[in-house]
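Being a predicted model, the structure only gives us computed values, none of them experimental.
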Amino acid sequence: MSWGTELWDQFDSLDKHTQWGIDFLERYAKFVKERIEIEQNYAKQLRNLVKKYCPKRSSKDEEPRFTSCIAFFNILNELNDYAGQREVVAEEMAHRVYGELMRYAHDLKTERKMHLQEGRKAQQYLDMCWKQMDNSKKKFERECREAEKAQQSYERLDNDTNATKADVEKAKQQLNLRTHMADENKNEYAAQLQNFNGEQHKHFYVVIPQIYKQLQEMDERRTIKLSECYRGFADSERKVIPIISKCLEGMILAAKSVDERRDSQMVVDSFKSGFEPPGDFPFEDYSQHIYRTISDGTISAAKQESGKMDSKSTVGKAKGKLWLFGKKPKPQSPPLTPTSLFTSSTPNGSQFLTLSIEPVHYCMNEIKTGKPRIPSFRSLKRGWSMKMGPALEDFSHLPPEQRRKKLQQRIDELNRGLQKEADQKEALNKMKDVYEKNPQMGDPGSLQPKLAETMNNIDRLRMEIHKNEAWLSEVEGKTGLRGDRRHSSDINHLVTQGRESPEGSYTDDANQEVRGPPQQHGHHSEFDDEFEDDDPLPAIGHCKAIYPFDGHNEGTLAMKEGEVLYIIEEDKGDGWTRARRQNGEEGYVPTTYIDVTLEKNSKGAVTYI
């Protein structure tokens, strides 16, 4: 099937069809463009949505702690990644489909224009040949009529007896001339006809089929390109499906991570005051001075004496107890018991069931006239006043449990600051030693102001830690054990990145506290300006030497290019990293000479302070 043989006379139709094909291609490109805009707007709206509902963490207290909140924020992160994948789809479609379609449409227009111009030129040339043949034909026809007229004139004069011989000869010459011209026009017409037939055959069997074949191939390539773009359109979406599936799986995992028990425990940890619940209110017996004529079988004298003793003991307990809600209660009468209400004793020691009118009468009066006591409302009111009141430095405005946590958090922050200052001091001392050994590198005296400032910061932080630990000991009721707690003034044990609870146990999670017996540290020594390493420091990562290092200076470690070492202490800002070989040899190497890889779960190098 070929357009050149089947559609040899449909030039105009093929012109319209190829134009329709290009229009359809551009229409599909417009569709892809609008789809890209939809994807971009969708991704933009998703990102704006994520940004709208993401927490604005202005302070650490506002950070999400509940598993439901953390799961929601994880879902927002996954949704943000999902929006990124939608942007990837838009970029892939723009590059692979829309851009390719627009370039191909431009090339297609140029190629179509060229083929149609060739077809029009061939048609114009054929028309020109036809006109030449037609003109020679008309000229031959006209000469033939002139020759016939000349022959008729000659025959008429030749038959006419009155015609002179000169007229006959003239008519004969004219006949011969017209006949000769007719023969020449006949030969020219025959040549033009033969030429036209050849050009026409060439036109319809060679030129036009070739042009139509090129148009057919062009149209087929356009169809193939559309098919490829359809496939690329789908592939752009299919490529991101695995990542989108991971995003959805992350959302499902976030949903599964919600732990209602843990959230409930967090509520307890956040709002637990540490106060003890109020005790029972004692029974106030106002009827003992009214009813004096009670039978001896109701309440015995022994019971009354014991009741008085209980009353005194109750009042003593009330005086010695810290009452949370309001003032201390007044001394109360002994509480009613089922025995005092419904039993009585006889002289022989036996008991019999009776009903005391006095307690029942008092209970009825209390039911009718008594005001309800709701200590929980006072508790809420006090809690609200404590929250609305000014924040004190020692957090004494908070309940004991919350105060303990706030103080512990502050002590942890101060310890981290102290560790940072100690590391800076160590780095400055190392730099000072380097300057003293190599004066050309710098002046050791220039570091003295910075060292003095660092020492002042360390002293200030130690005082703050001492003060806060005193408050913490007061909250925990361990004032007598203050000497056993860790004081920064004579601290000389390992400081890790973990969190120390008030009881001495360590945990990595700031929201979890393990209450256990105090742990005794294995080594305590007096504070010294120099850091002593009793045990080898743990490895916090590894490094690979990029360049060789000689290590001639004292304290440095020589290494070869490509050698792998253990990292036991990070760069403190002085440009040196502490490393160790497998044989235990340690020393400092230039940080710029190595490629460092730190372990994610490493606690970091410990430092003696």
Side-chain angles (χ1 to χ4, degrees), residues 416-462 488 490-497 523 525-599 602-609:
R416 286 193 291 269
L418 181 61
Q419 176 69 25
K420 183 177 179 180
E421 294 294 334
D423 293 341
Q424 185 174 359
K425 176 188 173 184
E426 182 184 4
L428 290 173
N429 287 329
K430 291 179 183 178
M431 189 179 298
K432 183 178 179 181
D433 294 339
V434 172
Y435 287 173
E436 290 176 351
K437 295 177 182 179
N438 301 311
Q440 68 275 10
M441 297 183 66
D443 182 16
S446 62
L447 301 177
Q448 194 61 34
K450 189 66 176 177
L451 277 171
E453 181 183 356
T454 304
M455 291 299 299
N456 291 333
N457 292 336
I458 290 176
D459 294 338
R460 178 180 55 81
L461 290 172
R462 286 171 180 166
S488 299
D490 56 354
I491 186 170
N492 195 12
H493 63 276
L494 294 178
V495 177
T496 65
Q497 294 181 358
H523 47 275
S525 61
E526 295 182 356
F527 179 78
D528 194 357
D529 291 338
E530 298 297 329
F531 296 93
E532 298 178 0
D533 294 336
D534 296 332
D535 296 328
L537 297 177
I540 62 173
H542 63 275
C543 67
K544 184 177 181 181
I546 305 176
Y547 309 106
F549 179 65
D550 297 335
H552 295 311
N553 295 331
E554 182 180 0
T556 58
L557 180 65
M559 62 181 179
K560 299 178 181 179
E561 183 179 356
E563 184 177 0
V564 178
L565 305 173
Y566 293 111
I567 298 295
I568 58 176
E569 186 177 332
E570 294 185 64
D571 186 358
K572 304 301 181 181
D574 55 356
W576 295 89
T577 300
R578 193 172 180 180
R580 180 172 61 213
R581 284 199 178 93
Q582 295 182 356
N583 58 7
E585 185 180 358
E586 298 181 0
Y588 289 91
V589 296
T591 306
T592 56
Y593 280 43
I594 56 176
D595 183 12
V596 179
T597 303
L598 298 179
E599 301 294 337
S602 175
K603 296 293 183 181
V606 294
T607 305
Y608 292 97
I609 298 178

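Nearest heavy-atom pair, D550 versus A558, reported as atom, atom and distance to 0.1 Å: O-CB, 2.8 Å. Of all the heavy atoms in E570 and L598, the pair that sits closest is OE1-CD1, 3.4 Å. N583 and E585 make their closest contact through OD1-N, 3.1 Å (heavy atoms, listed as atom of the first residue, atom of the second, distance). Closest approach of Y435 to G442, counting heavy atoms only: CB-O, 3.6 Å. Closest of all the heavy-atom pairs between E563 and K560 is OE1-N, 3.0 Å. For P449 against G445, the heavy-atom pair with the smallest separation is CD-O, 3.7 Å.
Rounding to the nearest 0.5 Å places CD1 of I567 at 4.5 Å from CD1 of I594. Taken from CZ in R580 to SG in C543, the straight-line distance is 12.0 Å, to the nearest 0.5 Å. Summarising the geometry, atom NZ belonging to K432 is positioned 10.5 Å from atom CG belonging to D443; distances are rounded to the nearest 0.5 Å. Between the CE atom in M455 and the CG atom in L428 there is a gap of 11.5 Å [rounded to 0.5 Å].
Using a 4.5 Å cut-off on side-chain heavy atoms (C-beta onward), E421 and Q424 make contact. Annotation: side chain of M559 is not in contact with side chain of Y547 (no heavy-atom distance under 4.5 Å). At least one side-chain heavy atom of L451 sits less than 4.5 Å from a side-chain heavy atom of N429.
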With side chain to side chain contact (heavy atoms under 4.5 Å, CB included) as the criterion, how do D571 and V596 come out once you've worked through the C-alpha distance, each side chain's angles and the decisive distance to 0.1 Å? CA-CA 10 Å; D571 186 358; V596 179; over 6 Å; no

Verdict with reasoning, R581 to L565, per side chain to side chain contact (heavy atoms under 4.5 Å, CB included): CA-CA 5 Å; R581 284 199 178 93; L565 305 173; 3.5 Å; yes

Apply side chain to side chain contact (heavy atoms under 4.5 Å, CB included) to K425 and I458, showing your working. CA-CA 9 Å; K425 176 188 173 184; I458 290 176; 4.0 Å; yes

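Using a 4.0 Å cut-off between a side-chain N of Lys or Arg and a carboxylate O of Asp or Glu, E426 and R578 do not qualify as a salt bridge.
Formation of a donor-acceptor pair under 3.5 Å by the T577 side chain with backbone atoms of V589 is not found in this model.
Atom CZ of F549 sits in a crowded spot, with more than 12 heavy atoms from other residues, nucleotides or ligands closer than 6.0 Å.
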